[in-house]
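What follows is one structure encoded as structure tokens, with my remarks underneath.
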Amino acid sequence: MREIFAGLPWWVKWVAVPVIALLVFGGLIATVVGFVIDLLFKALVFVALVGGLIYLVRKFMAGSSSRSDW
């Protein structure tokens, strides 16, 4: 592979080949990036909901225990 690229100008190696790769695999790359972003967003929502639930339960339990001390 190195022998093939050895005789080519720099712009073919660093501009043309990446552009062709983006044209060919661009849809696949966009799908994978979109899936990862969607997964991270869902994980963030999950963590926020579980954190909110834990906060509410602790607040409710602290309020009910202080009332039982009466």
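Keep in mind the model is a prediction, meaning the values are calculated, not measured. Throughout, numbering of the chain's residues begins at 1 and tracks the sequence.
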In residues 1-8, what donor-acceptor pairs under 3.5 Å come from side-chain atoms, sequence neighbours left out?
none

If the condition is side-chain contact (heavy atoms from CB on, under 4.5 Å), which residues does [X] pass it with, not counting sequence neighbours?
X	answer
V50	F46, I54
I29	L22, F25, V33
I20	V24
P18	none

Hey, could you give me each pair passing salt bridge (Lys or Arg N to Asp or Glu O under 4.0 Å) that has a residue in [range]? Not counting sequence neighbours.
range	value
residues 22-36	none
residues 8-30	none
residues 25-52	D38-K42

Can you tell if the side chain of L49 reaches within under 4.5 Å of the side chain of L53, non-hydrogen atoms only?
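Not in contact.
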TODO: Applying salt bridge (Lys or Arg N to Asp or Glu O under 4.0 Å), name anything that partners K59, two or more places apart in sequence or on another chain.
DONE: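 So K59 forms no salt bridge (Lys or Arg N to Asp or Glu O under 4.0 Å) with any residue.
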(request) Using the rule that two of Ile, Leu, Val, Met, Phe, Trp, Tyr join whenever any of their side-chain heavy atoms come within less than 4.5 Å, decide whether W14 and V17 are in one cluster. (result)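 Yes, because W14 and V17 connect within a single hydrophobic cluster, where side-chain heavy atoms sit under 4.5 Å apart.
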According to a 4.5 Å side-chain heavy-atom criterion applied to Ile, Leu, Val, Met, Phe, Trp and Tyr, with indirect links allowed, do V36 and F41 form part of one hydrophobic cluster?
->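 No, no single cluster joins them.
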